[in-house]
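Encoded as structure tokens, the structure appears first; notes follow it.
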Amino acid sequence: MAMKRAAALLLLLAAPLLAQTTPLTQLPYTPSLDVPSMDKSVEPCVDFYQYACGGWMKNNPIPPDQASWSVYGKVADENARFLWGVLEEDAKPGADRTPVQQKIGDYFHACMDTAAIESLGAAPLKPLLGEIDALKSKGQLARFLGREHQRTYGSGWLFGFGATQDYNDATQVIAEADAGGLGMPDRDYYVNGSARSKELRAKYLAHVQKMLELADESKAKAKSDAAAVMRIETALAKASLSRVERRNPYNLNHKMTVAALAKLTPSFEWKAYLVESGVVSKVQTLNVTQPKFYKALEQVLKHEPMPAIKAYLRWHAVHARAPYLSNAFVSEDFDFYRKTLRGVKEMPPRWKQCVRYVDRDLGEALGQEFVRRTFTPETKAKTVDMTRRIETAMEDEIKSLDWMTDATKKRALEKLHAVANKVGYPERWRDYSALAVKRDDFAGNAARATVFESRRELDKIGKPVDRGEWGMTPPTVNAYYNPQMNDINFPAGVLQPPLYDPKLDDAPNYGNTGSTIGHELTHAFDDEGRQFDAQGNLKDWWTPADAKAFEERVQCVRDQYADYTIVDDIKINSKLTSGEDVADLGGTLLAYVAWKAADPNDTQEIDGFTPDQRFFIGFAQWACENQREENLRANAITNPHSPGKYRINGIVSDLPQFQRAFKCGESAPMVRKKACKVW
Ligand SMILES: [Zn+2]
């Protein structure tokens, strides 16, 4: 492993650096079954991942600005390079730009103007630091946070607040107060006793200190402020649920009145907070995801002196604004979050960062440009058809399950039939016309865009749910299932070669994109998703015996994955990954069954592979990847997905269809004696 990594690092000096200096005028083509990406020196029944992906791993070293490199990551990078060209065009002032082109073009232009950004230094931060300095009492804190939470939506200083779908009534949007307030990616970083975690905490302290120094604090003051930050965040982290605990939605469902919340945190003026948030008339009750967290917040507010709380606020102010300030801030931010935590060697080029910000802040405007150029009606029709066929396969599978009673089957089919399929892009594009974008004000654009998004979210409170909304932008190379919406979502960005390949036959397409569709569909019935009903309400529709039979089958998958090593001596936390592992297992089988029904007579060998072999090679090749060790360690804590190798080898070793395709003997490593099957 170490030898391979060293070889890969040498190679990367040559190719990828040069390749990224110009935009792409069209998206490159790689087939969704790529023979040179294989390593045929390995037996498929011994290590199928190496067999299908060995060539890819060798030929695709991790670029210096990436924490990992994968088939998905590479497509995302190519999409970004393509959008770079689009945005350069849109950035040119001229009368013939559409309002959408003008908005994203001007945003991109301001972001690329590093000379202007540099000359401002820390200036865009100063008004906010002034507001924090002016806070005289904890009473003023609530009003300040009510304003600031809108300017940093989602990042949650001290706690998180926003709009959410009601667990108990999926038709309604309500307010939600969530845990939050941490600067590191997970509570685990604060409480884990390992030597590596202690080392990271020391580095985090140093980072907080440096950032405060950049914001003009003296070294001594920045140091004591950093200690106060760590004390406050650790208290919040200790009271926060773990990622595994948060996978159980019942742990997060605590609807209460504002008065009841105020009893948990009497030192915080909730009324003033809601007034400043502009929602006071709409919020009589709200969901408090973690009541225990709000009791801990009370202790922080009661016992921490005002200067310590102001130090905490200053840190989060610098932290939140750093990406929009001069290079000193941007590189210190990169240094901790990307280099130390993820092992990334170099900062991404400016254009790549700017494309990402446009996608984040104006995603459905940029998405219109992307879809128009890359996503054909033919691809949409074909992938919609594939989705329907996979749903039919799931229907047949449910009907034939031997461990589920008819009563539960009936409810499962109701839920399956209610799943909404969203393919490519939203039916209605988001309207950004009220958002002011200026050609010479990057920090201001980012700030206004955040407030625009906060208002859009907060204004939903008290209204019916918009079922047409998307949680990912069209160029995104990813897909998701949302249990409260009961919908599966496939952005245009993920429906392109080598993931979906209109030039190839069905076998590798069903193996690759078909398995992804099956994966998202199976999420409706994984250990988390199964707890929601057809409408998206958190409501138990299982008989106790069926629930028990299901849990036994999921436990088989948990036991299987708990044995796999991620890096060092860190094993997969399969209580965290079991939803994804179950979705991988069910999704691949569903894609296989749907493909067999679509092409029952396909016997043609191509490149020496039977159709069944092509299905499974296509399946494996979505997951080819190289990972930095630091990134693997961070993923072990935060990522609910298993590493690519086990998302392939773990699955095929449970599937007799694979073992027949490659004629694996009984004792082959890719044949598990106790195979798991849920769906
Ligand atoms: Zn998933």
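One-based numbering along the sequence shown. Every number for a ligand or one of its atoms is a count from 1 in the order of the listing. Quantities reported herein were computed from a predicted structural model and do not represent experimental measurements.
The aromatic rings of Phe615 and Tyr592 stand perpendicular to each other, their planes meeting at an angle above 60°, with 30° marking the opposite boundary.
For the Zn ion (ligand 1), the nearest N, O or S atom contributed by Glu580 is named OE1. Looking at His519, its N, O or S atom nearest to the Zn ion (ligand 1) turns out to be NE2.
With respect to the salt-bridge test (charged N to carboxylate O, under 4.0 angstrom), the residues Asp612 and Lys596 qualify. The pair Arg428-Asp466 meets the salt-bridge criterion, with a side-chain N (NZ, NE, NH1 or NH2) lying under 4.0 Å from an Asp/Glu carboxylate O.
His641 lies apart from the Zn ion (ligand 1) in this respect, since none of its N, O or S atoms is found at a distance under 2.8 Å.
Remark: Lys645 is not positioned above the aromatic ring of Tyr564, lacking an NZ or CZ atom under 6.0 angstrom from the ring centre and at most 45 degrees off the axis.
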